[in-house]
Amino acid sequence: MNTVIREDTVTKVEKILQDFIEESGATYALITDMGGNPLFTAGEEDFDVDTLAALSAANYATTKEIANLIKEDNFSLLFHRGNNENVHFAKITQDILMIVLFKPFLSLGLLRLKINSLQQKIVSIIGN
Amino acid sequence: MAIVNLKDKTIQIKIVYYGPGRSGKTTNLEFIHNKLQQNRNQQISNLVSIDTKGDRTLFFDFFPVSLGKINGFDLKLKLYTTPGQVKYEATRRLVLKGVDGLVFVADSLTSRQDANLESFENLKSNLLYHKQSLSDVKLIFQWNKRDIDEKMIPLSPIEEMERLLNSELKVQSFPASATSGMNVLKTVNYISKETVKSVIEKTILNKHKMGN
């Protein structure tokens with residue numbers, strides 16, 4: 001099944017992502033499908049977005065397989081801490097993943113709360 | 001699953017190179033990447049390889065490439081390989097998620113015909129895992145390593161490989177040599193063209209739209 005994303009859908013979701021970046025202080029937000037195709041982005045980047053999407057989808061899928069292997073449904077937190085940038089991964093729907101880059105001085109807990117509320121807004125636009 | 005973005009006017013398509021271990025999937029991608037770097041003025045993204053210390057693919061090789069415009073849409077192709085070794089079944093399956101086009105890289109060595117068959121059966125069952133079948137994707141075969149001197153290492157005749165893998169499907173196939181580059185670009189051009197054509201037909205006929 002191929003997916004056609006309407007113009008107004010892109011505008012609405014990217015506005016939500018942009019607002020989220022401004023409120024939370026995150027650096028960059030990317031929504032990708034589980035096949036590794038970038039769908040929506042906001043924020044500034046100096047890397048290849050397609051590669052980030054491909055690697056993130058693979059990373060998420062691998063972690064999920066590890067969870068299945070040890071009889072867990074999934075891990076509730078998928079997060080990498082760096083010296084200059086952190087990465088947080090969150091499942092938005094069964095087929096969609098959100099990746100947020102943020103500076104280490106930002107609170108992970110607060111960011112996760114914001115991502116949770118964001119998730120509902122995004123689902124209301126794109127559906128399940 | 002191809003993604004058509006009506007705001008950015010982009011079409012994203014995923015092509016996966018599949019086949020048994022050491023059949024030449026990574027070599028195909030390396031050749032294409034090198035050629036694009038040499039021939040094009042535009043910036044080409046890096047080839048990402050997740051491999052073992054022994055240079056065997058652990059997860060996948062990947063790079064995105066822009067193909068220009070069609071009907072005002074920017075075409076972006078994502079090229080992936082899968083790990084061929086049997087033990088990497090879990091990661092191989094994951095790479096197939098959302099695939100639009102497949103190149104099955106078969107090894108021409110006589111001694112590897114069982115491995116070709118096994119890998120092809122494995123492809124079908126892994127597509128099934130993603131609720132897909134061969135009829136849902138574009139598929140072509142590449143009979144790789146045709147440059148090997150048959151006096152040194154016996155090769156299977158192309159007719160024999162066609163009979164083994166392609167007798168029912170009867171899809172396009174190319175004899176090739178990924179190391180010398182023979183028919184490598186022809187293979188990628190053909191699968192890209194056919195996949196794009198099929199995606200455009202499907203998105204026009206079957207408008208599955210994201211958004212309420």
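Letters A, B, ... mirror the listed sequences (proteins, then strands); counts begin at 1. Every value quoted in this text rests on a predicted model; they were computed, and no experiment measured them.
Annotation: side chain of A/L55 is in contact with side chain of B/F60 (closest heavy-atom distance under 4.5 Å). Taking 4.5 Å as the limit, some side-chain heavy atom of B/L6 sits within range of a side-chain heavy atom of A/V4. Residues A/D33 and B/I3 meet the side-chain proximity criterion, which asks for heavy atoms closer than 4.5 Å. You'll find the side chain of B/K7 stays beyond 4.5 Å of the side chain of A/I5, heavy atoms only.
Between A/D95 and B/K97 there is a salt bridge, with a side-chain nitrogen of the basic residue lying less than 4.0 Å from a carboxylate oxygen of the acidic one.
The distance from the CZ atom of A/F40 to the CG atom of B/D8 is 9.5 Å, given to the nearest 0.5 Å. Distance check: A/N37 CG to B/D100 CG gives 7.5 Å after rounding to the nearest 0.5 Å. Between atom CE of residue A/M34 and atom CE of residue B/M1 there is a gap of 10.5 Å, rounded to the nearest 0.5 Å.
Between the side chain of B/Q12 and the backbone N or O of A/P38 there is at least one donor-acceptor pair closer than 3.5 Å. Between the side chain of B/K14 and the backbone N or O of A/G35, at least one donor-acceptor pair lies under 3.5 Å.
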Carefully, step by step, assess B/N46 and A/D48 under the rule side chain to side chain contact (heavy atoms under 4.5 Å, CB included). CA-CA 9 Å; B/N46 287 337; A/D48 188 273; over 6 Å; no
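For A/D50, the parts lying under 4.5 angstrom from a heavy atom of chain B are both the backbone and the side chain. When heavy atoms are compared at a cutoff of 4.5 Å, B/Y80 approaches chain A solely by way of its side chain, counted from C-beta outward.
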